[in-house]
Amino acid sequence: MLLRLPTSLPEAQECLTDGAIPVGGATLVWAAWQRDGFPEQAVSLREVPEANVLGAGEVGAAVLLHRIDERVPEVLHRAAAGIGTGAVRRAATVGGNIVGSTLRCLLPAALVLDARARVLAAEGPFEADLAELLAKKPLLLSLHWRDPLVSGYRKVAEAPGGPPPLVVATAVHADDRPVLRVAVRDGYEFLSESVPCDAGADSVLDVLSGTTIGALPAAAREVVREQVVSVLARPTGP
């Protein structure tokens, strides 16, 4: 297998045109390749500047999970810090987790941040929403968002050998009126809702009760309730 390491978007675009298969930290694809056979060419974005951004309102697809820190909102920082072991976080990338994984541990955080994706195709870079990113799986370059007023994250204790643990992510955004975004990973299913929150936690929970999140099992609904109450109790001023 030839691993190509472009240093610019035009070079990365050329790799895609030549049929190279995207690879991040290879923490997810390596075992499959050993089982099913290696591609002739793979491409990594680790040398492409646009895929390595990390700062206010953006994170690159090639950024290693262990590098995600207080420069991003709390919900994304805590989501990244809770993935796997330290060794995994030093090898796995943002793009590999969101696009290449079925667990998609970062996705609830991206959903509540209302993130958009910058992606690369053989025709060039373009912007996509998360639904298009997950459906078509183009090569992710970066995610960008508007920073929320406050955010929160909880991942419940993992049962050995069981389904992926429940994740609840929350974020309050200052739109025309304050809006709370809630995203849940329940097993391999992802749910998200947006609710005006200026009337308080009870009103938010009442609205959520009539959504897909309100149809979750009782234990999961209780975690959602705790997270909604917690994030709305936090100050949102400077």
Side-chain angles (χ1 to χ4, degrees), residues 22 24-25 27-28 45 50-84 88-89 92-120 125-155 164-175 179-195 211-213 223-224 227-228 231:
T27 56
L28 296 169
L45 299 181
E50 290 87 347
N52 283 280
V53 292
L54 177 60
E58 60 182 353
V59 63
V63 171
L64 300 177
L65 298 183
H66 82 100
R67 292 185 54 216
I68 298 178
D69 54 20
E70 291 84 358
R71 286 173 285 182
V72 303
E74 177 186 339
V75 63
L76 184 57
H77 179 198
R78 290 179 59 189
I83 295 173
V88 168
R89 292 190 293 273
T93 63
V94 169
N97 183 270
I98 289 184
V99 181
S101 169
T102 56
L103 297 178
R104 293 173 177 160
C105 301
L106 297 181
L107 182 57
L111 287 169
V112 299
L113 292 176
D114 198 18
R116 290 189 62 81
R118 190 173 185 225
V119 301
L120 183 66
F126 63 95
E127 189 170 286
D129 60 26
L130 292 177
E132 182 178 2
L133 175 69
L134 298 177
K136 298 182 179 179
K137 296 188 177 180
L139 181 58
L140 178 64
L141 291 172
S142 61
L143 296 174
H144 58 92
W145 59 83
R146 293 182 299 112
D147 281 346
L149 298 174
V150 293
S151 64
Y153 178 85
R154 182 174 171 192
K155 181 179 182 180
L166 178 78
V167 167
V168 178
T170 52
V172 177
H173 292 268
D175 296 328
V179 171
L180 174 68
R181 294 181 65 89
V182 181
V184 177
R185 183 186 70 187
D186 178 40
Y188 292 96
E189 185 177 5
F190 293 84
L191 311 172
S192 66
E193 298 288 344
S194 297
V195 182
T211 69
T212 54
I213 290 178
V223 177
V224 171
Q227 290 304 105
V228 167
V231 77

(Q) I'd like to check the side chain to side chain contact (heavy atoms under 4.5 Å, CB included) partners of A61; sequence neighbours left out, ordered by chain and number. (A) L140
Q) Do any N or O atoms from the side chain of D129 and from the backbone of E132 form a donor-acceptor pair under 3.5 angstrom? A) yes
Q) Looking only at heavy atoms, which two atoms of G55 and V72 are closest? And how far apart? A) O-CG1, 4.3 Å
Q) How close do V231 and G152 get, heavy atom to heavy atom, and via which atoms? A) CG2-N, 4.1 Å
Q | Side-chain donor or acceptor of N97 paired with backbone N/O of A92 under 3.5 Å | A | no
Q) Which pair of non-hydrogen atoms, one from P138 and one from V99, has the smallest distance, and what is that distance? A) O-CG1, 4.4 Å
Q.
Donor-acceptor pair, distance only, cut-off 3.5 Å: does the side chain of K155 make one with the backbone of L166?
A. no
Q. Which pair of heavy atoms, one from R67 and one from L54, lies closest together, and at what distance?
A. O-CD2, 3.3 Å
Q.
Checking the side chain of R185 only, and the main-chain atoms of F190 only, is there a donor and an acceptor separated by less than 3.5 Å?
A. no
Q: Could you pull out the closest heavy-atom pair between S194 and V179, with the gap in Å?
A: CB-CG1, 4.0 Å
Q) Does the side chain to side chain contact (heavy atoms under 4.5 Å, CB included) test come out yes or no for L133 and V119, once each step is laid out? A) CA-CA 8 Å; L133 175 69; V119 301; 3.8 Å; yes
Q.
Any heavy-atom pair between the side chains of L130 and L143 that's under 4.5 Å?
A. yes
Q) Side-chain contact, heavy-atom cut-off 4.5 Å: L106 with L76? A) yes
Q. What pair of heavy atoms forms the shortest contact from S142 to V53, and how long is it?
A. CB-CG2, 4.2 Å
Q: Could you check E58, E127, R116, R118 and say which one makes a side-chain hydrogen bond (donor to acceptor under 3.5 Å, both in side chains) with H144?
A: E127
Q: Using a 4.5 Å cut-off on heavy atoms from C-beta on, say whether the side chain of H173 contacts that of W145.
A: no
Q) Are any of the side-chain heavy atoms of L45 and L141 separated by less than 4.5 Å? A) yes
Q. Looking at side-chain heavy atoms only, is the closest gap between V94 and I68 below 4.5 Å?
A. yes
(Q) Side chains of E74 and Y153, heavy atoms from C-beta outward: is any pair under 4.5 Å? (A) no
Q.
Quick one: does any side-chain atom of R181 pair with a main-chain N or O of A171 as donor and acceptor, under 3.5 Å?
A. no
**Q.** By side chain to side chain contact (heavy atoms under 4.5 Å, CB included) - contacts of A183 (at least two apart)
**A.** P108, L111, V112, S192
**Q.** Side-chain touch R89/L64, heavy atoms, less than 4.5 angstrom
**A.** no
Q. Once you round to the nearest 0.5 Å, how far does CG of L65 lie from SG of C105?
A. 9.0 Å
(Q) Checking R104 against L134 for the side chain to side chain contact (heavy atoms under 4.5 Å, CB included) test, could you report, in this order, the C-alpha distance in whole Å, the side-chain angles of both residues, the deciding distance, and whether it holds? (A) CA-CA 10 Å; R104 293 173 177 160; L134 298 177; 3.8 Å; yes
Q | 4.5 Å side-chain heavy-atom contact, T211 and L191 | A | no
